[in-house]
Asks: 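Below you will find the structure I want to go over with you.
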Amino acid sequence: MRESLKARCEEVADRLDRSVPMTKDELEQVARRTLEEADLPESYVGWMMVMISSAFWRHALRGVPPHRRLFLLPHCLKHAEGCPADYDEFGMNCKECGACSIADFRGLAEEMGYRVLVAEGSPVVMKIIVGGYVDAVVGVACLNVLEKAIDKVLLAGIPCMAVPLLSSDCRNTKVDEPWVDEMIRTPYEPARQQTRSYVHLMRAASDLFAPESIQAVIPRSRGKADFGTGELSAQSVAAMDAIEATEHIAYDFLTRGGKHSRPFITMAAYDAMTGGDCTGGDADQAIDRMPDAVRRAAMSIETFHKASLVHDDIEDDDAYRYGQPSLHKTFGVPTAINVGDYLVGLGYRLLSDRSAMNSVPAEAQIEVLDCLAAAHTRLGEGQGAELLWRDGKNRELTPLDALKIYALKTSPAFEAALFSGVRLGCGDDQAEQAASYRDAIRTFSRNLGVAFQILNDLGDFAGDDHNKLIAGGDVFGGRPTLLWALALESLEGADREELLSLAGSDCGMSDFDRLAAVRRLYDRAGVFDTAFRLVDKHQQRAEQVADDLEPEPLRRLLYFLVDTVLERPEIASPSVVSLGIVAPAV
């Protein structure tokens, strides 16, 4: 039956439009329709989605040579008892002891030229792909992981094929080995790219912040020492000229990690307004033709973001950023504040240089500057409101106030990135059209940003490891959240007073007991269900805006942002890690 279903999935996939990737919702609809035609139960829908997706991408994957493919294996294929493998940041380093099938699969894949990774989940895969190391992925994983990976990897337009594990026990699992062998041996057949892909633009956005790119676009006026080498320290900076040091620290911080999602959005929005060539078969050439003004705008928005991170780390006293000590821990708070201020100036310098921006109309340049200035102001208002609430004694908060803070803190970044790309993509004769886009983009960004922030709060409570969040961190850190506001609105009497007492610096309870009490009250108030319903509402509003926009590539970009930004966490009872701090009171 499985072989028959695989064949049916290939027939279905071959009838689909392969010019653009399917969304997860579209894929689910096709899978459900195929199951109905085969008179099979709904329980197969996840498996069918993976099979149809693999069939959809099999032609594109054949067009990628093996040395540009990544072979992904899960940890759980190993023998749990006595496995000698160790781990690094990318996954498991197999010792090829022969006790499980990992070594056999790995040997075959490496013999064909594949890059091989034994790891779980999509974040590290996306990092490798955006880094430019591979162009396609074949993998083995449990069905649950494969379903989750569809949004992140496939929507970006990355050819993928997968074989589900025979069970999802996460320990000593099995897989159909001949099927995996067949997948690895997928032959290479040179072909032109058919399906549009955002990977090219993701890589271009990341490349903007390589040291050589930064130096080419905004040459340093003070220093000559290499930056971005990973060797920045208080001692190395102390040996520099005092005036040169600020510039050097700022430039070095620009090269550090991050998803570079904001510059990607700007470049993708510009591309969407000018034909969408940067996602097609000649993407590399199209990106090379992109005006320097667009690159400068994209870099400007990321520079502002980096400045806000420096200041946020000081405000929250975070010890690390991008796996390195935060700037204020390395150089002290005054120097870090100053570096953040320098980055703000650098961000505006990127856009204000008329000679460097002469490829776009002066009116467009001014409108982009105005949008960024407005975004900067609103961000400051939102962050200020959060800090005043955090550092005050009054723990009262209404859902409306929480949503206002969310809209001010999160939405301006989406709006600035989108509008900058759209406005620069409009010509001299499209000024009125650009103005209409600004209103639509603001509405879209507000709803996307609010939905994102609600999910971020839910993820914090679930203990989201990817963002280095700690379960209950919002409660212990004294940050205003919608969950807190919804609970206060719903609870009455003693329950409400108990919740307010749990936020006090003199609570006296252990972190474990405190979190358990908050969780019990949140469950009683039904805040998680309410929060998810609000996410649905704001997502629908964002999608309504997208539905009304032209051209089609812009609509597709907005849907891509909705599908990839709004990642829903699973709320479970998390373990507690003590923060060792309490919110200050003034």
Side-chain angles (χ1 to χ4, degrees), residues 6 9-10 13-14 18 21 50-75 77-78 85 88 90-96 98 100-141 145-146 149-150 152-165 175-200 202-203 206 279-284:
K6 284 173 60 181
C9 289
E10 291 185 0
D14 287 343
R18 285 206 292 273
V50 173
M51 290 303 101
I52 292 171
S53 177
S54 292
F56 177 91
W57 287 105
R58 72 189 192 281
H59 301 292
L61 192 134
R62 286 173 177 263
V64 177
H67 74 275
R68 296 291 300 170
R69 300 177 189 173
L70 175 68
F71 179 47
L72 185 64
L73 280 165
H75 303 155
L77 274 178
K78 73 178 183 179
D88 60 22
F90 293 109
M92 188 180 89
N93 293 315
C94 176
K95 299 299 185 183
E96 300 183 1
C100 68
S101 57
I102 289 179
D104 295 334
F105 291 146
R106 181 172 192 154
L108 172 61
E110 289 180 341
E111 182 180 331
M112 293 184 63
Y114 284 76
R115 293 176 179 266
V116 181
L117 180 66
V118 184
E120 234 17 303
S122 60
V124 68
V125 175
M126 287 299 296
K127 182 177 180 180
I128 292 171
I129 291 170
V130 172
Y133 300 104
V134 298
D135 298 315
V137 180
V138 299
V140 177
V145 169
L146 292 176
I150 287 173
K152 290 291 186 182
V153 180
L154 300 187
L155 282 172
I158 302 161
C160 288
M161 289 177 66
V163 174
L165 293 167
V175 69
D176 188 320
E177 296 186 7
W179 188 2
V180 178
D181 186 273
E182 177 187 359
M183 179 180 64
I184 296 172
R185 295 182 189 275
T186 300
Y188 169 52
E189 298 173 359
R192 180 179 173 81
Q193 175 187 322
Q194 288 184 305
T195 308
R196 292 192 176 276
S197 172
Y198 287 120
V199 171
H200 313 287
M202 290 177 177
R203 290 174 178 168
S206 181
T279 61
D282 296 319
D284 291 338

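Counting from 1, the numbers follow the sequence of the chain as shown. Values below: every heavy atom of this structure, side chains too, minus hydrogens, waters and symmetry copies.
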Asks: What distance do Trp57 atom CH2 and Arg62 atom CZ have between them, rounded to the nearest 0.5 Å?
Replies: 15.5 Å
Asks: Checking Leu117 against Leu70 for the side-chain contact (heavy atoms from CB on, under 4.5 Å) test, could you report, in this order, the C-alpha distance in whole Å, the side-chain angles of both residues, the deciding distance, and whether it holds?
Replies: CA-CA 7 Å; Leu117 180 66; Leu70 175 68; 3.9 Å; yes
Asks: Is Arg106 salt-bridged to Glu110, going by a charged N under 4.0 Å from an acidic O?
Replies: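 Judged by the 4.0 Å cut-off on N to carboxylate O distance, Arg106 and Glu110 do form a salt bridge.
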Asks: If I compare all heavy atoms of Ala162 with all of Met51, which pair ends up nearest, and what's the gap?
Replies: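 Shortest heavy-atom contact: O-CE, 3.9 Å.
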Asks: If you round to the nearest 0.5 Å, how far is SG of Cys160 from CZ of Arg69?
Replies: 12.0 Å
Asks: Under the rule for side-chain contact (heavy atoms from CB on, under 4.5 Å), what residues qualify as partners of Arg196, not counting sequence neighbours?
Replies: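 Val20, Thr279, Arg556.
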Asks: Going by heavy atoms in the side chains, are Asp282 and Arg192 under 4.5 Å from each other?
Replies: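 With C-beta onward as the side chain, the pair touches.
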Asks: State, to 0.1 Å, how close Ile158 and Ala136 come at their nearest heavy-atom pair, and which atoms those are.
Replies: CG2-CA, 4.3 Å
Asks: Which heavy-atom pair separates Pro21 from Gly157 by the least distance, and what is that distance?
Replies: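 Nearest heavy atoms, Pro21 then Gly157: CG-CA, 3.9 Å.
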Asks: Roughly how far, to the nearest 0.5 Å, is CE of Met183 from OG of Ser54?
Replies: 8.0 Å
Asks: Taking the side chain from Gln193 and the backbone from Thr195, do they hold a donor-acceptor pair closer than 3.5 Å?
Replies: yes
Asks: Under 4.0 Å between a side-chain nitrogen and a carboxylate oxygen: does that hold for Arg203 and Asp284?
Replies: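 Result for this pair is no, no salt bridge flagged.
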Asks: Please confirm whether the backbone N or O of Ala156 pairs with a side-chain atom of Ser197, one donor and one acceptor, at under 3.5 Å?
Replies: yes
Asks: Evaluate the side-chain proximity of His67 to Tyr114: yes if any heavy-atom separation is below 4.5 Å, no if none is.
Replies: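 No, side chains not in contact.
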Asks: Closest approach of Ala109 and Val116, non-hydrogen atoms and distance?
Replies: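 Where Ala109 meets Val116 most closely, the heavy atoms are CB-CG2, 3.8 Å.
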Asks: Kindly indicate whether the side chain of Ile184, heavy atoms from C-beta on, has any atom under 4.5 Å from the side chain of Phe71.
Replies: yes
Asks: Under the rule for side-chain contact (heavy atoms from CB on, under 4.5 Å), what residues qualify as partners of Arg185, not counting sequence neighbours?
Replies: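 For Arg185, the residues satisfying side-chain contact (heavy atoms from CB on, under 4.5 Å) (neighbours in sequence not counted) are Leu108, Met112, Asp181.
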Asks: Run the side-chain contact (heavy atoms from CB on, under 4.5 Å) test against Ala283 and tell me which residues pass, sequence neighbours left out.
Replies: His200
Asks: Taking all heavy atoms of Val50 and all of Pro164, pick out the closest pair and write down the distance.
Replies: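 Minimum heavy-atom contact is CG1-CG, 4.5 Å.
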Asks: Can you tell if the side chain of Val163 reaches within under 4.5 Å of the side chain of Glu182, non-hydrogen atoms only?
Replies: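 Of all side-chain heavy-atom pairs linking Glu182 with Val163, none is under 4.5 Å.
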Asks: For the pair Arg68 and Val134, evaluate side-chain contact (heavy atoms from CB on, under 4.5 Å) and give the outcome as yes or no after the intermediate values.
Replies: CA-CA 4 Å; Arg68 296 291 300 170; Val134 298; 5.5 Å; no
Asks: Is Pro74 close to Leu165 at the side-chain level, that is, under 4.5 Å between some pair of heavy atoms?
Replies: yes
Asks: Does any part of the side chain of His59, heavy atoms only, come nearer than 4.5 Å to the side chain of Asp14, both counted from C-beta?
Replies: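 Asp14 reaches His59 side chain to side chain.
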Asks: Yes or no on side-chain contact (heavy atoms from CB on, under 4.5 Å) for Val140 and Leu72, after CA distance, side-chain angles and deciding distance?
Replies: CA-CA 6 Å; Val140 177; Leu72 185 64; over 6 Å; no
Asks: Answer whether the closest heavy-atom distance between the side chains of Trp179 and Lys6 falls below 4.5 Å.
Replies: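 Yes. Closest side-chain heavy atoms under 4.5 Å.
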Asks: Of all the heavy-atom pairs spanning Gly63 and Tyr188, show the shortest one and how long it is.
Replies: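 Scanning both residues completely, I find the closest heavy atoms to be O-CE1, 3.5 Å.
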Asks: Please step through side-chain contact (heavy atoms from CB on, under 4.5 Å) for the pair Phe105 and Leu73, ending with a clear verdict.
Replies: CA-CA 9 Å; Phe105 291 146; Leu73 280 165; 3.9 Å; yes
Asks: Taking the side chain as C-beta and beyond, is there a heavy-atom pair between Thr186 and Arg58 under 4.5 Å?
Replies: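 Not in contact.
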